[in-house]
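What you see is a predicted model; the values in this text were computed from it and never measured. Remember, it's 1-based here, ligands and their atoms both numbered in the order they're listed.
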Amino acid sequence: MKKINIAIDGPSGAGKSTISDILASKLGYIHLDTGAMYRTVAYMGLKAGLKMDDEENIVKLISTLSFKQTEDGKIICNGVDISKEIRQNEISMAASDVSKLLGVRKALVALQQKIAEDKGYIVDGRDICEVVLPTAEVKIFMIASAEERAKRRVLQNKEKGIEANYDDILADIQKRDYQDSHRENSPLRKTEDATEIDSSNLTIEETVEKIMEIVKTKL
Ligand code: DC
């Protein structure tokens, strides 16, 4: 069957990752989590003692990183599994900080475009519909209320054994929403050709079903 690319954008915690994983297993596609790439850069940068606005050195650092995502969703950087570390709250904000830098975006976008070249990818992020895969056959913009997203992230973190406080996570989500949608380089916004799906009152299955209906028309 013909393979396509599916672009999924939206704010943090809207369910992009969960939905992308399910779609990937239904379709036999690969889910590329671009947020994990920005998180990896932030984590490795902090570990190297870099400031999150030190564009020159962060871009240099990226050229030394090998980024791998395993089939079961683990994030491996330079051979080390950093899946858990990059989900910590301070890394979320640091990732949002490095993602403002043009040099960082250029390097990661080029990498993402190379990976998804062969089709058969579900790519989730903030700038996928507009910048990374402007020719993707399916474009989705997922949203949900900040409160619902904070509730989900608390549950998700608890399941992963990461400490989670609702108020801190809600404040972090609101701050990142603002930062991600007001930055100069590739701010988060819905493109005209993307279908908006508000998952606040939908189950995971209902959300997947809605996207699958769109996907089926393109296969
Ligand atoms: O999706 P996430 O929460 O894991 O993303 C972490 C940060 O990375 C987010 O605050 C914004 C940034 N990001 C981005 O700018 N562009 C992407 N394609 C993906 C993530």
Side-chain angles (χ1 to χ4, degrees), residues 5-21 31-46 52-53 55 58-59 62 65 67 69 73-75 77 82-116 121-134 136 139-144 146 148-150 152-154 156-157 160 162 164 168-191 194 199:
N5 275 335
I6 301 170
I8 303 188
D9 283 325
S12 99
K16 302 186 299 290
S17 252
T18 310
I19 300 298
S20 299
D21 278 340
H31 167 208
L32 177 65
D33 176 355
T34 64
M37 296 171 83
Y38 289 92
R39 286 171 181 272
T40 298
V41 171
Y43 175 72
M44 297 303 276
L46 287 175
M52 294 297 100
D53 59 356
E55 182 160 5
I58 293 177
V59 171
I62 294 176
L65 300 181
F67 177 89
Q69 200 181 296
K74 288 201 175 73
I75 306 299
C77 184
I82 55 166
S83 318
K84 208 165 158 183
E85 287 78 356
I86 61 166
R87 299 293 160 199
Q88 289 160 357
N89 236 10
E90 75 244 41
I91 302 298
S92 303
M93 204 55 216
S96 179
D97 290 337
V98 290
S99 74
K100 288 194 276 186
L101 307 173
L102 189 60
V104 170
R105 300 207 69 83
K106 274 192 180 161
L108 293 189
V109 167
L111 213 57
Q112 292 152 12
Q113 287 175 332
K114 183 105 197 66
I115 295 172
Y121 282 84
I122 294 150
V123 185
D124 89 80
R126 305 290 189 289
D127 57 342
I128 313 303
C129 295
E130 192 163 13
V131 182
V132 180
L133 300 176
K139 293 184 176 183
I140 306 291
F141 192 77
M142 279 188 63
I143 56 164
E148 180 60 33
R149 287 184 280 140
R152 291 177 190 166
R153 181 118 313 161
V154 169
Q156 216 176 42
N157 282 3
K160 289 180 181 159
I162 301 167
D168 289 350
I169 289 185
L170 178 61
D172 170 71
I173 282 179
Q174 287 166 333
K175 194 167 164 204
R176 276 207 295 149
D177 275 359
Y178 184 85
Q179 182 159 301
D180 293 344
S181 47
H182 287 81
R183 68 181 176 216
E184 198 179 324
N185 303 314
S186 308
L188 168 71
R189 63 168 167 240
K190 179 190 165 303
T191 54
S199 73

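A salt bridge links Arg149 and Asp177; the closest N-O separation between the charged side-chain nitrogens and carboxylate oxygens is under 4.0 Å.
Sorted by first and then second residue, the pairs that involve residues 179-191 and meet salt bridge (charged side-chain N to carboxylate O under 4.0 Å, His left out), not counting sequence neighbours, are Arg126-Asp180, Glu130-Arg189, Asp180-Arg183. For residues 88-109, every residue pair satisfying the salt bridge (charged side-chain N to carboxylate O under 4.0 Å, His left out) rule, not counting sequence neighbours, is listed here: Arg105-Asp127.
In this structure, CD on Glu85 lies 12.5 Å from CZ on Arg39, to the nearest 0.5 angstrom.
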Polar pairs, ligand 1 vs protein, N/O only, below 3.5 Å.
from: ligand 1; atom 1: 1 (O); to: Arg126; atom 2: NH1; distance (Å): 2.9
from: ligand 1; atom 1: 1 (O); to: Arg126; atom 2: NH2; distance (Å): 3.3
from: ligand 1; atom 1: 3 (O); to: Arg39; atom 2: NH2; distance (Å): 3.0
from: ligand 1; atom 1: 3 (O); to: Arg126; atom 2: NH2; distance (Å): 3.3
from: ligand 1; atom 1: 3 (O); to: Arg176; atom 2: NH1; distance (Å): 3.0
from: ligand 1; atom 1: 4 (O); to: Arg39; atom 2: NE; distance (Å): 2.6
from: ligand 1; atom 1: 4 (O); to: Arg39; atom 2: NH2; distance (Å): 3.4
from: ligand 1; atom 1: 10 (O); to: Arg176; atom 2: NH1; distance (Å): 2.9
from: ligand 1; atom 1: 10 (O); to: Asp180; atom 2: OD1; distance (Å): 3.4
from: ligand 1; atom 1: 10 (O); to: Asp180; atom 2: OD2; distance (Å): 2.8
from: ligand 1; atom 1: 15 (O); to: Ser99; atom 2: OG; distance (Å): 3.4
from: ligand 1; atom 1: 15 (O); to: Arg105; atom 2: NH1; distance (Å): 2.8
from: ligand 1; atom 1: 15 (O); to: Arg105; atom 2: NH2; distance (Å): 3.4
from: ligand 1; atom 1: 15 (O); to: Arg183; atom 2: NH1; distance (Å): 2.8
from: ligand 1; atom 1: 15 (O); to: Arg183; atom 2: NH2; distance (Å): 3.0
from: ligand 1; atom 1: 16 (N); to: Arg105; atom 2: NH2; distance (Å): 3.1
from: ligand 1; atom 1: 18 (N); to: Thr34; atom 2: OG1; distance (Å): 2.9
from: ligand 1; atom 1: 18 (N); to: Arg126; atom 2: N; distance (Å): 3.2
from: ligand 1; atom 1: 18 (N); to: Asp127; atom 2: OD1; distance (Å): 2.8

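Judged purely by distance below 3.5 Å, without hydrogens or angles, the side chains of Ser96 and Gln179 pair a donor atom with an acceptor atom.
Partners of Lys175 according to the side-chain contact (heavy atoms from CB on, under 4.5 Å) rule, which considers only residues two or more places apart in sequence or in another chain, are Met93.
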